[in-house]
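This report concerns only the one structure given below.
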Amino acid sequence: MTRNPLRTHRPGHRLASAALLALAACAAVLPLGAAERVDAPADVDWVLARIVRPAPARTPFLELRGSALLKAPLRITGEYRRPDGDTLVREVQAPYRETTTIAGGEIVIEREGRGPRRFSMSRAPELAGLQSGFGALLGGDRLELERHYRVTVDGSRRQWTLHLVPRDAAVAARLSDVRLRGRGAELRCIESRPVGGDPQRTLLAGAVVDAQDIDDGAALRALCDGAPAPGTDAAAR
């Protein structure tokens, strides 16, 4: 049977992806201090201080989902919302409509034309650890974050990558690592690497704007990696 590239992930994979809402919903554009040198090395504390954003918060996203049936990645667009400190929402607006909500230890997936599906976080205990780790990221709690992940940073304050490797064996069995890529004080892309699967890239904030006229899969991946948008002077970033 031919696989439909629009088909959603299996429940376990979808739940793991949904738990990453906590991270994407915190994307923010915060001004660099006047005295900060953009060419100075980035470090964990500097990055955490800039991607923390208290609720309420919202940001557009563009998820790139690969498929052997497609010449370019499937583009899934929508918005992440964090209406309060305990609720996380992922609203897909195209090419289909779907809302995923995490609240009260439960994940609810509502797809247009279908009844809502509910999953308790207790069904997959490793997801509770995943959510706790990203809750620490939202709160800028480095000690708590490092209980769940090995955390390193590469690059400068101009362009950096925060690298998270799960410590928990159950999480690591599903998720190899997560890479957060940013430019200055803006989180622009999240790249999650499932075990035995293709990387999933989600562009955020300004990177979504830069990707509007890009259809080439390699160019979209390069944009996630930090390449400038076509027609942009890289030296002016």
Side-chain angles (χ1 to χ4, degrees), residues 8-9 13-31 44-64 76-94 97-111 116-122 124 126-145 147-149 151 162 164 166 171 175 178-192 200-209 211 224:
T8 55
H9 295 163
H13 291 168
R14 288 186 54 77
L15 295 181
S17 297
L20 298 178
L21 288 174
L23 171 57
C26 76
V29 183
L30 302 178
V44 174
D45 291 329
W46 186 89
V47 170
L48 290 182
R50 278 149 187 82
I51 64 175
V52 167
R53 187 178 182 185
R58 61 199 305 162
T59 188
F61 75 86
L62 167 58
E63 179 182 307
L64 307 175
I76 299 175
T77 60
E79 183 179 68
Y80 286 118
R81 297 193 302 274
R82 189 172 174 237
D84 57 64
D86 299 318
T87 304
L88 305 163
V89 181
R90 174 182 184 266
E91 180 184 357
V92 175
Q93 298 165 349
R97 301 194 67 86
E98 180 181 84
T99 301
T100 303
T101 303
I102 300 178
E106 184 179 60
I107 299 175
V108 180
I109 301 174
E110 299 173 278
R111 183 83 175 259
R117 289 175 291 161
R118 301 177 182 273
F119 305 92
S120 172
M121 294 289 283
S122 63
E126 69 273 15
L127 294 183
L130 188 64
Q131 188 180 34
S132 296
F134 283 108
L137 184 64
L138 281 172
D141 188 340
R142 179 174 179 175
L143 291 178
E144 179 65 15
L145 182 64
R147 287 186 57 238
H148 300 279
Y149 296 91
V151 185
L162 181 68
L164 306 178
V171 176
L175 182 68
V178 179
R179 301 175 187 186
L180 290 70
R181 305 184 191 276
R183 184 183 299 167
E186 181 184 40
L187 174 61
R188 291 174 58 85
C189 186
I190 302 168
E191 181 180 355
S192 59
Q200 177 176 304
R201 298 174 178 90
T202 301
L203 302 178
L204 302 167
V208 175
V209 177
C224 178

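Position 1 is the first residue of the sequence; numbering continues from there.
Of all non-hydrogen atoms in Pro83 and Pro56, the two that sit nearest each other are O-CB, 3.7 Å. Across every non-hydrogen atom of Glu79 and Phe61, the tightest pair is N-CE2, 3.2 Å.
A salt bridge between Arg183 and Glu186 is absent, with no side-chain N of the basic residue lying under 4.0 Å from a carboxylate O of the acidic one. Contact check on Glu91 versus Arg97 returns a salt bridge, with a Lys/Arg side-chain nitrogen under 4.0 Å from an Asp/Glu carboxylate oxygen. A salt bridge links Arg90 with Glu63; the closest basic N to acidic carboxylate O contact falls under 4.0 Å.
Distance CZ/Arg179 to SG/Cys224: 10.0 Å, rounded to 0.5 Å. To the nearest 0.5 angstrom, Leu145 atom CG is 6.0 Å from Leu164 atom CG. Between Glu191 atom CD and Leu203 atom CG the span is 10.5 Å, to the nearest 0.5 Å. One finds the OG1 atom of Thr99 at 6.0 Å from the CD atom of Glu110 (value rounded to the nearest 0.5 Å). With values rounded to the nearest 0.5 angstrom, Leu175 atom CG is found 6.0 Å from Tyr149 atom OH.
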(message) Please determine whether side chain to side chain contact (heavy atoms under 4.5 Å, CB included) holds for the pair Asp45 and Arg142, giving the CA-CA distance in whole Å, both sets of side-chain angles, and the decisive distance to 0.1 Å.
(response) CA-CA 7 Å; Asp45 291 329; Arg142 179 174 179 175; 3.2 Å; yes
(request) Given side chain to side chain contact (heavy atoms under 4.5 Å, CB included), test Arg188 with Leu204 step by step and report yes or no. (result) CA-CA 5 Å; Arg188 291 174 58 85; Leu204 302 167; 5.8 Å; no
(request) Start with the C-alpha distance between Leu187 and Leu180, add both sets of side-chain angles, then the distance that settles side chain to side chain contact (heavy atoms under 4.5 Å, CB included), and finish with yes or no. (result) CA-CA 7 Å; Leu187 174 61; Leu180 290 70; 3.8 Å; yes
(message) side chain to side chain contact (heavy atoms under 4.5 Å, CB included) for Glu106 and Ser120? Distances and angles first, verdict last.
(response) CA-CA 5 Å; Glu106 184 179 60; Ser120 172; 5.6 Å; no
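Contact check for Ile107 versus Thr101: no side-chain heavy atoms found under the 4.5 Å cut-off. The shortest side-chain heavy-atom distance between Tyr80 and Leu88 does not fall under the 4.5 Å cut-off. No side-chain heavy atom of Arg201 sits under 4.5 Å from any side-chain heavy atom of Ile190. Side-chain contact check for Phe119 versus Ile109: some heavy-atom pair is nearer than 4.5 Å.
Between the side chain of Arg147 and the backbone N or O of Leu143, no donor-acceptor pair lies under 3.5 Å.
Just one of Thr77, Ile76, Thr100 meets the side chain to side chain contact (heavy atoms under 4.5 Å, CB included) condition when paired with Val92; it is Ile76.
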